[in-house]
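Here the structure comes first, spelled out in structure tokens, and everything after it is commentary.
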Amino acid sequence: MIINKVGKITVYVEDQEQAKEFWLNKLGFVLKLEQPMGPNMKWIEVGPSDDEFTTIILYSKSAMEQQQPSKVAHPSILFSTTDIDSSYEKMTQNGVKVGEMLRMPFGTMFTFYDQDDNEYLLREDK
């Protein structure tokens, strides 16, 4: 199996703290992860409960506009796998267009593209 679950959905927000307050205080979500990603940005994940695997990433819209402006037009979908190397190999063998493997402190992942060149991300979550 290449993809096990829908892992994360990225929503681009103007103010990460305001977005976090909205999801936690108005919708009753829980904070799943919060860590710095640089001087003025955090990686913030919220979910409906502690037990729920799928999370929403509250990502800085202005940061993404500087990195890749075209991405902020719609949420990004991050799929999940328990074996990133095997998934990368299988997608490559199946003729799927893939980006380079990124091994970051907050996770290992790579982008892949569908038949219309829509971009997705596959991340290893064990």
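This one's a predicted model, so the numbers in the text were calculated from it and none came from an experiment. The figures here come from the full heavy-atom set of this structure, side chains too, leaving out hydrogens, waters and symmetry mates. Numbers for residues simply follow the sequence, beginning at 1.
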**Q.** SB check Asp125 Lys32 (cutoff 4.0 Å)
**A.** no
Q. In Å and rounded to the nearest 0.5 Å, what is the OG to CE distance from Ser60 to Met64?
A. 9.0 Å
Q: Spell out, yes or no, whether Met101 and Tyr113 are grouped together once hydrophobic residues are joined by side-chain heavy atoms under 4.5 Å, including indirect joins.
A: no
Q. Parallel, tilted or perpendicular for Phe112 and Phe79, by the 30°/60° rule?
A. tilted
Q | Heavy-atom pair with the smallest gap, counting every atom of Gly7 and Phe53 | A | CA-CE2, 3.7 Å
Q.
When you measure from the side chain of Thr54 to the backbone of Val6, do you find a donor-acceptor pair of N or O atoms at a distance under 3.5 Å?
A. yes
Q. If every non-hydrogen atom of Thr55 is compared with every non-hydrogen atom of Glu45, which pair is closest and at what distance?
A. OG1-OE1, 2.8 Å
Q) So, Glu119 side chain and Thr111 main chain: donor-acceptor pair closer than 3.5 Å or not? A) no
Q) Are Lys20 and Glu34 close enough for a salt bridge, meaning some N to O gap below 4.0 Å? A) yes
**Q.** Distance-minimising heavy-atom pair for Leu24 and Phe29
**A.** CD2-O, 3.2 Å
Q: Tell me, with the steps shown, if Asp83 and Arg123 meet salt bridge (Lys or Arg N to Asp or Glu O under 4.0 Å).
A: CA-CA 9 Å; Asp83 186 346; Arg123 173 186 156 119; over 6 Å; no
Q: Determine whether more than 12 heavy atoms belonging to other residues, nucleotides or ligands lie under 6.0 Å from atom CG of Asn40.
A: no
Q. Will you find, in the side chains of Glu14 and Gln18, an N or O donor that is under 3.5 Å from an N or O acceptor?
A. no
(Q) Let me confirm one number: the NZ-CD1 distance from Lys8 to Ile77, rounded to the nearest 0.5 Å. (A) 14.0 Å
Q.
Nearest 0.5 angstrom please: Lys90 NZ to Ile3 CD1, how far?
A. 11.5 Å
Q.
For a quick test of reading the model, state the closest non-hydrogen atom pair linking Phe110 to Gly99 and the distance between them.
A. CB-O, 4.1 Å
Q) Going through the checks in order, is the side-chain contact (heavy atoms from CB on, under 4.5 Å) test met by Val13 and Tyr59? A) CA-CA 6 Å; Val13 300; Tyr59 200 91; over 6 Å; no
Q. What is the minimum heavy-atom distance between Ile84 and Leu122, and which atoms define it?
A. CD1-O, 3.5 Å
Q. Which value, rounded to the nearest 0.5 Å, describes the distance between Asn4 atom CG and Thr81 atom OG1?
A. 4.5 Å
Q: Start with the C-alpha gap between Glu17 and Lys42, add the side-chain angles, then the distance that decides, and say whether side-chain contact (heavy atoms from CB on, under 4.5 Å) holds.
A: CA-CA 9 Å; Glu17 286 302 315; Lys42 297 177 186 175; 3.0 Å; yes
**Q.** ILVMFWY network linking Leu121 to Met41, side-chain heavy atoms under 4.5 angstrom
**A.** yes
**Q.** Single-linkage hydrophobic cluster, 4.5 Å side-chain cutoff, Ile57 and Val30 together
**A.** no
Q: Run the numbers on Ile44 and Leu33 for side-chain contact (heavy atoms from CB on, under 4.5 Å), then give the verdict.
A: CA-CA 6 Å; Ile44 300 174; Leu33 179 65; over 6 Å; no
Q | Ser87 (side chain) donor-acceptor with Ile2 (main chain) under 3.5 angstrom | A | yes
Q: Step by step, work out the side-chain contact (heavy atoms from CB on, under 4.5 Å) result for Leu78 and Thr10.
A: CA-CA 8 Å; Leu78 284 72; Thr10 302; 3.3 Å; yes
Q) When you look at CD of Glu100, are more than 12 heavy atoms from neighbouring residues, nucleotides or ligands closer to it than 6.0 Å? A) no
